[in-house]
Amino acid sequence: MNQPLSNNWNSRSDSYDIIIIGSGYGGAITARRLAEAEFTTKPSICILERGMEWIPGLFPDESEDLTNHLKNPLNPLGLYEYRRYKDISIIQGSGLGGTSLINANVAIIPEPNVLDQDPWPSTITSKMLAPYYDDAAKGLDVTQHPKGMDLLKVQALNKRAAQLSGSRLELLKLAVNFTVDGIDPETGVERHPCTDCGDCVTGCNIRAKNTLYMNYLPLAKKSGVEIFTQVKVKCIEPDLSGGFSIHYERFSPRHNLPESGTIRANRAVVVSAGSLGSTEIMLQSRDKGLKLSDAVGTRFSGNGDFFGIAYNSDQRTDIMGFGNHPNDPPRSDVKAGPTIVGVIRYDRGKPLKEQIVVEDLTLPRAGVNPSRLLIKDLSIKGKDTDPGIGDKVRELGRVARDIGFNLDGALNHSMIYLVMGHDDAGGTMNLKNRKLQIEWPGVGNQGIFEQINNELFLHAKALGATFIESPLWDYFDARHLVTAHPLGGCPMGETRHTGVVDDCGRVFNGNGDKDVHHGLFVTDGSIIPTAIGVNPFLTISALSEHIAKCIIEELNK
Ligand SMILES: Cc1cc2nc3c(=O)[nH]c(=O)nc-3n(C[C@H](O)[C@H](O)[C@H](O)COP(=O)(O)OP(=O)(O)OC[C@H]3O[C@@H](n4cnc5c(N)ncnc54)[C@H](O)[C@@H]3O)c2cc1C
Ligand code: SF4
């Protein structure tokens, strides 16, 4: 078992040369690269992360436990965060390693022309980013599932793919370890091969998921980075000597009220608190006097995320995750697989606005029972795609058998789909009563979502299932969207007129078109100025690898 990565809070210094806010892809990658870089004088570096440290093995895997780990004002250290705004809701993680702790591991490169759109800076191109994608893929150790095509859910996804001309099913590269069993010589971290247990999005208890906690963060720590958890940064103020004061609140599980304080960054601050977190910090800082571009808070995107369900089909899918309970109930050779394994990339030659990707989802163990009840209720309003008396009898039989982890039940003959497309990144974030708000009137009516919904119906039909539309979009709250991929808020741009940061993540200071605050950087999902139409962490990681290089160059000047 490994030692914890975080340092004792009482051992902190009053100031560091470089302070990194947040420990997701932006923060962890920058921390490691800066700590390993050559400088004439080695800088002191620390990470401030609002969430707790989660040692693999301690992630919840029972449904009762999930609610106890929801982040909310009464539970500020919760691991899972669901934020609901009027037009769109957001799911994200909070902990050392950011949303990597609870994501679905998919590492995918967007179509090359995604980066050719406005307002991406002209220097950021797919060719320019290619070596950084390679660095990130290596750092996260991504690979395909060695037996992905054997998984029943992938075969079910392939049923629709086989009907399409010009689009086929591919196995995705995943940040999952399928081979190493033991201590990794580079990081010193204990790793074990994936057991196909399906619990990636509640947290991997097997030590198979290549979260940032398993790679970039231990390497950062090894090179001298100090890591402090439970520290929520509120705002940043530049000071007269060229550094920055960082105002924070520190939460302790034993005390209800956080402790407030200030810590100083002498040379640089890297804001990497995610799309919502970084934008909130920048908006709060602007209210305290930090000069910024007017673009702060703009270009929010949900990455075109959309969901749908094919319920009670004729095909067994094994989408019920079993977590770290392989024999509860006893099973032989059942493989739920990592949360996502396959993808269909549609219409790659067509204009971006028409391109979508469809992926399979496995339910984590803790989600199986609550989902069964919800999906069964939703199916009353669903569309049966293969009527007929004989089929109806078989469907009713599967519903009757749908208890616990019965493999012959309706839930184990269902598919849940995650789809991404290209929304218009037209959301805006601002502060109301000092709290972050997102406004995006009518986003759910954008044509792309109707297109996706129609395609998902055809997936359900290919399986002889009942089609259930994305629940919040259709059922409870007309056209409400849910995203696991919030992007934008501090978008990259050529100048301060379109961007909050430049092509190196430097923050425009609101004066000349390209003038920047020296020593202030943003790198995470907030700098992505458009939907990218595929799962985003590899792109966030590639940009962070690039920005880390820019920071090293700037500090070495
Ligand atoms: C269920 C789920 C599944 C997903 N699956 C995939 C997938 O398969 N592939 C993919 O590409 N993407 C996936 N994503 C999205 C992906 O994980 C995110 O896009 C990515 O983690 C964003 O990286 P980031 O560095 O911008 O932010 P994050 O990873 O969210 O990191 C931000 C960090 O900053 C911390 N923070 C926030 N505010 C503050 C503050 N004020 N002070 C200090 N710290 C702060 C947060 O706690 C967090 O640790 C998924 C997301 C979810 C929720
Ligand atoms: S399927 Fe299970 S073992 Fe494999 S990465 Fe996901 S949580 Fe870990």
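For ligands, and for the atoms within them, numbers begin at 1 and follow the listed sequence. The structure displayed is predicted, hence computed values, not measured ones. Only this structure's heavy atoms are used, side chains among them; waters, hydrogens and symmetry mates stay out.
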Does one side chain, of [X] or [Y], offer a donor that lies under 3.5 Å from an acceptor on the other?
X: Arg365; Y: Asn324; result: no
X: Ser260; Y: Glu249; result: no
X: Asp524; Y: Ser278; result: yes

### Query
Counting only heavy atoms not in Lys232, do more than 12 sit closer than 6.0 Å to its NZ atom?
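Result for NZ/Lys232: open.
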
### Task
Evaluate whether atom CG of Asn8 has more than 12 neighbouring non-hydrogen atoms of other residues, nucleotides or ligands under 6.0 angstrom away.
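Counting neighbours around CG of Asn8, more than 12 heavy atoms of other residues, nucleotides or ligands fall under 6.0 Å, so yes.
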
Is there at least one pair of N or O atoms, one from [X] and one from ligand 1, spaced under 3.5 Å apart?
X: Phe537; result: yes
X: Gly26; result: yes
X: Tyr25; result: yes
X: Ala104; result: yes

### Thr30 to Ile20 - nearest heavy-atom pair and separation
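Smallest heavy-atom distance, with atoms named: C-CD1, 4.2 Å.
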
For [atom], what is the nearest protein heavy atom, given as residue, atom name and distance?
atom: atom 39 (C) of ligand 1; result: Ala273 CB, 3.6 Å
atom: atom 27 (O) of ligand 1; result: Gly274 CA, 3.5 Å
atom: atom 35 (C) of ligand 1; result: Glu49 OE1, 3.4 Å
atom: atom 30 (O) of ligand 1; result: Thr99 OG1, 2.7 Å
atom: atom 26 (O) of ligand 1; result: Gly525 N, 2.7 Å
atom: atom 14 (N) of ligand 1; result: His485 CD2, 3.4 Å
atom: atom 41 (N) of ligand 1; result: Val233 O, 2.9 Å
atom: atom 44 (N) of ligand 1; result: Arg50 N, 3.2 Å

### Query
Pick from Asn210, Asp181, Thr179: which one makes a side chain to side chain donor-acceptor pair (under 3.5 Å) with Arg191?
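So, applying the side chain to side chain donor-acceptor pair (under 3.5 Å) to Arg191 and each of Asn210, Asp181, Thr179, only Asn210 qualifies.
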
### Query
When Arg345 is tested against each of Gln355, Glu111, Glu170 for side chain to side chain donor-acceptor pair (under 3.5 Å), which residue passes?
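In the set Gln355, Glu111, Glu170, the residue that makes a side chain to side chain donor-acceptor pair (under 3.5 Å) with Arg345 is Glu111.
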
Answer with yes or no whether [X] contacts ligand 1, where contact means a heavy atom under 4.0 Å from a ligand atom.
X: Gly27; value: no
X: Thr339; value: no
X: Ile281; value: yes

Using a 4.0 Å heavy-atom cut-off, which part of [X] comes near ligand 1: side chain, backbone, both, or neither?
X: Ser544; answer: neither
X: Leu487; answer: neither
X: Asn105; answer: backbone
X: Ile540; answer: side chain

### Task
Report the distance from atom OH of Tyr216 to atom OG1 of Thr187, rounding to the nearest 0.5 Å.
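Answer rounded to 0.5 Å: 13.0 Å.
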
### Query
Are the aromatic ring centres of Tyr248 and Trp9 under 6.0 angstrom apart?
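Aromatic pair counts; centres sit under 6.0 Å.
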
### Task
Provide the number and element of each atom of ligand 1 under 4.0 Å from a heavy atom of Ser272.
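Counting atoms of ligand 1 from 1, those under 4.0 Å from Ser272 are 32 (C), 33 (C), 34 (O).
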
### Gly98: numbered ligand 1 atoms lying under 4.0 Å from its heavy atoms
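The atoms of ligand 1 under 4.0 Å from a heavy atom of Gly98 are 29 (O), 31 (O), 48 (C), 49 (O).
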
### Query
Do you know which of Ile47, Asn7, Leu217, Leu219 makes side-chain contact (heavy atoms from CB on, under 4.5 Å) with Val225?
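It is Ile47; the other options fail the test.
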
### Task
Determine the sole option in Phe59, Trp54, Tyr82 for which the ring-ring contact (aromatic ring centres under 6.0 Å, His included) test with His69 is passed.
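When Phe59, Trp54, Tyr82 are each tested with His69, the ring-ring contact (aromatic ring centres under 6.0 Å, His included) holds only for Trp54.
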
Under 4.0 Å between a Lys/Arg side-chain N and an Asp/Glu carboxylate O for [X] and [Y]?
X: Glu226; Y: Arg12; result: no
X: Asp184; Y: Arg207; result: no
X: Arg50; Y: Glu81; result: yes

### Proximal protein heteroatoms (N, O or S) of atom 6 (Fe) of ligand 2, under 2.8 Å
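Protein N/O/S atoms under 2.8 Å of atom 6 (Fe) of ligand 2: Cys200 SG.
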
### Message
Tell me whether Arg506 forms a cation-pi arrangement with Phe521, defined as NZ or CZ under 6.0 Å from the six-membered ring centre and within 45 degrees of its axis.
### Response
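Relative to the ring axis of Phe521, which defines the angle, Arg506 lies outside at least one limit.
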
### Query
Taking the side chain as C-beta and beyond, is there a heavy-atom pair between Phe306 and Ile356 under 4.5 Å?
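When only atoms from C-beta onward are counted, Ile356 and Phe306 do not touch, as no gap falls below 4.5 Å.
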
### Query
Nearest heavy atom to atom 6 (C) of ligand 1: which of Val106, Thr279, Asn103, Ile108 does it belong to?
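That would be Asn103.
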
